[in-house]
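Counting begins at 1 with the first residue of the sequence. Counting starts at 1 for both ligands and their atoms, following the listed order.
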Amino acid sequence: MQSSTQVIPLSTDVPRHVAIIMDGNGRWAQRRLLPRFAGHARGVEAVRNVVKRCVERGVEFLTLFAFSSENWRRPPEEVGFLMRTFMVALDHEITRMERNGVRLRIAGDLSRFDSTLRTKIEEGERRTAHNTALTLTVCANYGGRWEIVEAIKRLLRAHPHLAPDKVSEELIATHMALGDLPEPDLFIRTGGERRISNFLLWQLAYTELYFTDRFWPDFDAKALDEAISSYAERERRFGRTSEQVRQTGAAD
Ligand code: IPE
Ligand code: IPE
Ligand code: MG
C-alpha cells in the first residue's frame, strides 16, 4: 500500500479508512451505576451501528481497537468477560456481515487466545473473505509496537542477509500485519482521553485525529457523521504549504 510519506494521497470528503479507539465502556456503565461489563455489552451494539453507517457513507476500511496488548493487565474477570463478549459477537454478527458485504479480519497476536476463539476467528474471516463493501479489521491483543517488531521479524525471516541500506519504509510497511490496508485517513477516539494508547503507531503518521468526550456505547451514526464532517473541513497538507495545496488540489 502507498505510504503518505512517499506519495501524497488523494483527499476526499469521506475518509477511505477510519480507525477508532472504542474507549469509555467502563465509565459509561459506572455513570449508570452498572458494572463495567454492561458497558462492554452495549459497546457491541455501537460497533454494529457504526459498521452499518460506514457502509452507508462509503467508507471502505474500518479498523477498530477492541483489546490492546496492555489490556491483559485488567482484572481477570474483566478480561474473561471481554473474551466471551468477543466470542458471542463473532457468533451473532457474522451472518449480518455476510449479508451486508462486510469482510472481517482480526489483527493482533492471536497466540494468546484459546483455540475455540481462534477457530471462530478463522471461520468468521473465511465466511466473509469474498465481501467487498467494507473491510472491517478488529485489532485484538494488538499493540502498535508489537506490529512494528513483528514486521521486522518477518522482514528478517524473508531476507536473512539483507544489507542495512536496503531497508526502506516500503519494505517494512509490506511486512506489517496491516500492511495491505491504506493508511487511516481519520482516527477517532471516544471516551475523552487524548492519547494513542499503542494503536497504529506506524500508520497514523499523517492521519487526521478526532477526539470526542462521548463514551463508546453512545457513539452512533450521527456521531460518526459529525466526525466525518470535521474531517471534511481539514486541510491535509502532508508537509506542503497551504498555498501549494490550494494551487495543486488535494493530490500532487
Ligand atoms: C474500552 O472501554 C474497551 C476496552 C478497552 C476493551 P474501557 O473498558 O477502557 O472503558 P473506560 O475507559 O474504563 O471507561
Ligand atoms: C485503549 O483503551 C484500548 C482499547 C480501546 C481496546 P484503554 O482504555 O485500554 O486505554 P488507556 O489505558 O486508557 O490508555
Ligand atoms: Mg479505557
Check your understanding: Will you find, in the side chains of Arg237 and Thr241, an N or O donor that is under 3.5 Å from an N or O acceptor?
Key -> no
Check your understanding: What do you reckon, does Arg73 put a non-hydrogen atom under 4.0 Å from ligand 2?
Key -> no
Review point. With a cut-off of 4.0 Å, which atoms of ligand 2 are near a heavy atom of Arg189?
Key: 2 (O), 10 (O), 11 (P), 13 (O), 14 (O)
Practice item. Considering only NZ, NE, NH1 and NH2 on the basic side and carboxylate oxygens on the acidic side, decide whether Asp213 and Arg194 come within less than 4.0 Å. Key: yes
**Study point:** Ligand-side contact atoms (ligand 2) for residue partner Asp23, heavy atom cut-off under 4.0 Å
**Key:** 2 (O), 8 (O)
Check your understanding: So, Arg48 and Glu45, do they make that salt bridge, N to O below 4.0 Å?
Key -> no
Review point. Any salt bridge between Arg126 and Glu122, counting N to O under 4.0 Å?
Key: no
Point to revise | atom 2 (O) of ligand 2 touched by protein heavy atom at under 4.0 Å | key: yes
Point to revise | Check: Leu171 and Leu162 side chains under 4.5 Å, non-hydrogen atoms | key: yes
Point to revise | Ala66, portion touching ligand 1 at heavy-atom distance under 4.0 Å | key: backbone
Exercise for review: May I ask whether His40 places a heavy atom under 4.0 Å from ligand 1?
Suggested key: yes
Exercise for review: Report the nearest protein non-hydrogen atom to atom 13 (O) of ligand 2: residue, atom name, distance rounded to 0.1 Å.
Suggested key: Arg195 NH2, 2.8 Å
**Study point:** Ala41 versus Phe81, closest heavy-atom pair with distance
**Key:** N-CE2, 4.4 Å
Check your understanding: Where does Arg31 meet ligand 1, judged by heavy-atom distances below 4.0 Å: at the side chain, the backbone, both, or neither?
Key -> neither
Review point. What heavy-atom pair brings Leu178 and Glu147 nearest, and what distance separates the two atoms?
Key: N-OE2, 2.8 Å
Review point. Looking at residues at least two apart in the chain, or sitting in another chain, which of them share a ring-ring contact (aromatic ring centres under 6.0 Å, His included) with Phe211?
Key: Phe187
**Study point:** Ligand-residue contact atoms, ligand 1 with Arg27, heavy atoms, under 4.0 Å
**Key:** 11 (P), 12 (O), 14 (O)
**Study point:** Mode of Arg36 contact toward ligand 1 - side chain, backbone, both, neither (heavy atoms, under 4.0 Å)
**Key:** side chain
Check your understanding: Does ligand 1 have any atom sitting under 4.0 Å from a heavy atom of Gly191?
Key -> no
Exercise for review: Would you tell me whether Thr12 and Arg16 have side-chain atoms, one donor and one acceptor, within less than 3.5 Å of each other?
Suggested key: no
Exercise for review: With Arg32 as the cation and Trp28 as the aromatic partner, state whether NZ or CZ is under 6.0 Å from the six-membered ring centre and within 45° of the axis.
Suggested key: yes
Point to revise | Test: Glu93 and Arg96 ion pair at under 4.0 Å | key: yes
Check your understanding: Nearest protein heavy atom to atom 10 (O) of ligand 1, by residue and atom, and its distance?
Key -> Gly26 N, 2.9 Å
Point to revise | the Mg ion (ligand 3) reached by Asp23 (N, O or S, under 2.8 Å) | key: yes
Check your understanding: What atoms of ligand 2 come within less than 4.0 Å of a heavy atom belonging to Ile21?
Key -> 1 (C), 5 (C)
Review point. Does Met22 have a heavy atom less than 4.0 Å from any atom of ligand 2?
Key: yes
Review point. In the protein, what heavy atom is nearest to atom 14 (O) of ligand 2, and what distance, to one decimal place, separates them?
Key: Ser197 OG, 2.6 Å
Check your understanding: Under a 4.0 Å heavy-atom limit, does Phe67 contact ligand 2 with its side chain, its backbone, both, or neither?
Key -> backbone
Point to revise | For atom 5 (C) of ligand 1, the protein heavy atom that lies nearest, with its residue and separation | key: Arg74 NH2, 3.4 Å
Check your understanding: Do any N/O atoms on Trp28 end up under 3.5 angstrom from N/O atoms on ligand 1?
Key -> no
**Study point:** Note, Glu193 side chain near Asp23 side chain (heavy atom, < 4.5 Å)
**Key:** yes
Check your understanding: Numbering the atoms of ligand 2 from 1, which are under 4.0 Å from a heavy atom of Asn71?
Key -> 3 (C), 6 (C), 9 (O)
